[in-house]
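The chains referred to below are lettered A, B, ... by the order of the sequence lines, with proteins before strands, and numbering in each begins at 1. As a basis for the values below, the full set of heavy atoms in this structure was taken, side chains included, without hydrogen atoms, waters or symmetry mates. Predicted model only: the values in this text are computed from it and were never measured.
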Amino acid sequence: MTTQEFTMRDQFALTTAELLDRDPRTALVLADIGAAQFPDAAAAHPDRVVNVGIREQLLIGVTGGLALTGMRPIAHTFASFLIERPFEQVKLDLNHQGVGAVLVSAAGSYDWPAGGRTHMAPGDVALLDTLPDWNVHVPGHPAEADLLLRHAVAAGDSLQYVRLSAQQNREARPIAPGRFLTVREGAGGVVLAVGPMLDAVLEATETLDVTVMYATTVRPFDAAGLRAAVGGRADVVVVEPYLAGTSEREVHRALEQLPHRVLGLGVPVAEHRHYGSMPEHLAAYGLDATGLHARIAAFLW
Amino acid sequence: MTSETAHTPGRPAGPGWADLPHLMSVMTGDEKHSPAATSTLDALWVLYDRVLKVGPATVDAADRDRFLLSKGHGPMAYYAVLAAKGFFPVELLSSFGSYDSPLGHHPDRLLVPGAEIGSGSLGHGLPLAVGTALGLRAQGLDAPAVWVLVGDAEFDEGSNHEAVAFAGAYGLERLHVVVIDNSSATHGWNGGIAARFAGEGWSAATVDGRDHEELYRAFTAPHPGRPHVVVARVEPKD
């Protein structure tokens with residue numbers, strides 16, 4: 001990919017600015033990161049675009065307070081500082097208060113490898129799994145990010161997490177929020193590719209007789225869609241762009257009435273003390289097409 | 001302490017200031033309460049009796065004043081005042097802490113009529129209050145005041161300092177804080193708590209937290225263009 005590529009974060013700025021123009025219930029809360037993307041929106045809506053500075057506990061507290069007054073807040077920063085650092089605020093200022101919000105992260109797992117561990121949060125989705133009622137979207141393309149952001153903001157007062165990535169697929173797919181999409185059909189098991197993992201999964205399985213499903217909403221998990229796809233062979237590989245195994249439990253639940261096997265691939269839990277580029281990290285994690293092919297082929301023999 | 005009028009003319013007579021110790025004793029089982037148990041009682045009473053524009057009939061009104069109890073530990077005084085003001089029946093107080101009671105040892109806004117937030121973990125109320133003040137302003141609701149009560153030990157939590165600095169810089173005029181200072185912060189606040197707020201551009205007053213007239217004057221002091229803090233000093237925690 002090139003640095004000139006139109007990214008999900010670029011799309012987030014366009015979509016959010018439009019939503020702020022259209023819907024007086026919406027508000028955007030920032031903690032410096034991303035603030036430079038919203039100069040026009042901030043000028044047009046000074047009371048609804050709030051940059052609290054580098055204060056992430058306040059970022060979530062303010063988001064909860066806005067929701068308490070009936071607004072539909074959107075909070076944005078890197079996943080490390082949106083979910084991990086203020087996690088108790090997410091639990092108490094949002095869930096426990098019984099209010100909704102849209103949290104939009106960037107740079108979740110390996111988007112900025114040269115930035116190192118401090119700017120990686122591959123455990124974000126697993127952390128949200130410890131709380132009730134979170135809807136989690138992982139778009140794989142800017143057009144999908146647009147659709148899922150609009151869906152998330154319009155979804156009443158629910159809790160929505162949209163995980164944007166610098167890694168993206170070559171083309172957008174005809175996704176529907178909450179549903180898995182069957183991209184390729186085969187007889188030798190199912191590979192579920194989450195968000196930006198799709199292109200590598202398609203390349204890795206080109207020579208394998210497997211069904212490839214595409215997930216851009218992972219919570220709630222489309223258990224019915226997965227069950228319908230497994231057919232006579234309930235062997236499932238989940239390939240996620242965050243902590244390996246995060247959705248394994250969801251697959252087990254979906255298939256609890258069937259004998260089944262599950263392999264969860266994703267970012268390893270071990271800290272990876274290297275810098276470099278995203279392709280280098282994907283290869284090191286076994287998440288490039290070569291690494292995926294070897295592990296998928298060995299599991300779906 | 002100054003004496004209180006029996007009740008405001010034109011309002012239905014309910015439990016008053018003199019009844020609060022009894023209402024608390026229904027929860028605590030003690031007829032006499034330690035200063036720590038009642039540290040918030042005077043400030044809460046003056047706010048709900050004379051300052052806050054909110055009552056049982058307006059708990060859902062968009063333009064009500066908001067009071068956020070951030071210091072959710074020891075909420076007996078809060079529950080007693082809410083019951084005295086008719087937010088829920090005084091009979092509920094005896095259920096305090098029991099399985100089906102809405103009145104836990106930390107308040108839950110989804111269970112307690114009149115409670116604006118659930119609290120207990122310290123340092124959450126002030127950031128929520130900042131968001132509430134911003135949300136009201138964004139909706140053109142300039143009249144409602146937002147109040148939050150914190151403790152001097154609770155002020156140790158760094159989240160408060162994020163909120164104090166931001167609210168001062170932002171000039172959030174409708175935001176008000178009352179700090180109940182019973183000298184319980186482990187390392188103290190050298191130079192006083194009010195100075196932390198004043199340094200960030202807040203209007204600040206420090207008063208005797210047992211003197212209702214002093215509290216009332218400080219609560220109602222004008223503070224154009226700035227948020228306002230009242231540090232209410234009470235007896236040191238024993």
Side-chain angles (χ1 to χ4, degrees), chain A residues 20-21 23-32 35 41-42 44-75 77 81 85-101 103 132-133 157, chain B residues 59-68 70 72 104 106-112 115-142 144 146 148 157-172 174-175 200:
Chain A
L20 286 164
D21 285 342
D23 183 355
R25 264 190 90 213
T26 56
L28 175 65
V29 193
L30 302 164
D32 274 4
H45 312 289
D47 285 343
R48 292 193 286 123
V49 178
V50 179
N51 178 5
V52 299
I54 306 169
R55 299 184 173 97
E56 288 88 7
Q57 296 185 74
L58 184 62
L59 173 75
I60 303 299
V62 161
T63 299
L66 287 165
L68 283 169
T69 69
M71 298 194 72
R72 183 65 170 155
I74 303 164
T77 185
F81 316 128
R85 188 180 182 116
F87 186 68
E88 199 207 27
Q89 275 75 17
V90 173
K91 171 189 163 192
L92 296 181
D93 298 354
L94 301 177
N95 278 98
H96 182 56
Q97 305 305 330
V99 297
L103 303 187
D133 302 329
D157 289 319
Chain B
V59 287
D60 294 318
D63 63 349
R64 71 187 185 279
D65 285 349
R66 268 75 165 174
F67 174 81
L68 284 61
S70 187
H106 300 126
D108 182 336
R109 69 176 291 269
L110 301 191
L111 300 178
V112 184
E116 296 284 356
I117 61 167
S119 56
S121 177
L122 299 173
H124 287 264
L126 189 37
L128 284 167
V130 169
T132 300
L134 288 167
L136 294 172
R137 191 170 86 171
Q139 294 170 76
L141 294 165
D142 297 325
V146 179
V148 56
E157 293 283 2
S159 52
N160 292 304
H161 299 267
E162 294 188 8
V164 169
F166 172 79
Y170 230 65
L172 268 185
R174 300 312 292 151
L175 180 64
E200 300 295 350

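- When heavy atoms are compared at a cutoff of 4.5 Å, L110(B) approaches chain A solely by way of its side chain, counted from C-beta outward.
- Without hydrogens or angle criteria, Q97(A) side chain to G118(B) main chain gives a donor-acceptor distance under 3.5 Å.
- In this structure, chain A has heavy atoms under 4.5 Å from both the backbone and the side chain of R137(B).
- The shortest side-chain heavy-atom distance between S159(B) and Q89(A) falls under the 4.5 Å cut-off.
- With hydrogens and angles disregarded, no donor-acceptor distance shorter than 3.5 Å links the side chain of R72(A) to the backbone of R25(A).
- Rounding to the nearest 0.5 Å places CD of E162(B) at 7.0 Å from CD of E56(A).
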For the pair D133(A) and N95(A), evaluate side-chain hydrogen bond (donor to acceptor under 3.5 Å, both in side chains) and give the outcome as yes or no after the intermediate values.
CA-CA 8 Å; D133(A) 302 329; N95(A) 278 98; 4.7 Å; no
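- Looking only at side-chain heavy atoms (C-beta outward), L103(A) and L94(A) come within less than 4.5 Å of each other.
- Your options are L128(B), L141(B), T132(B), and the one with the most heavy-atom pairs under 4.5 Å with chain A is L128(B).
- Interface residue Q139(B): only side-chain heavy atoms are found under 4.5 Å from chain A.
- Most heavy-atom pairs under 4.5 Å with chain A, from the set G125(B), S121(B), G158(B), A129(B): that is S121(B).
- Between chain A and the options A165(B), G131(B), G123(B), the largest number of non-hydrogen pairs under 4.5 Å is found for G131(B).
- Counting heavy-atom pairs under 4.5 Å between each of R109(B), H161(B), E116(B) and chain A puts R109(B) at the top.
- Residues D21(A) and H45(A) have side chains that bring a donor and an acceptor to within less than 3.5 angstrom of each other.
- By number of non-hydrogen pairs under 4.5 angstrom with chain B, the leading residue of T63(A), L92(A), V62(A), V50(A) is V62(A).
- With a 4.5 angstrom heavy-atom cutoff, P46(A) touches chain B only via backbone atoms.
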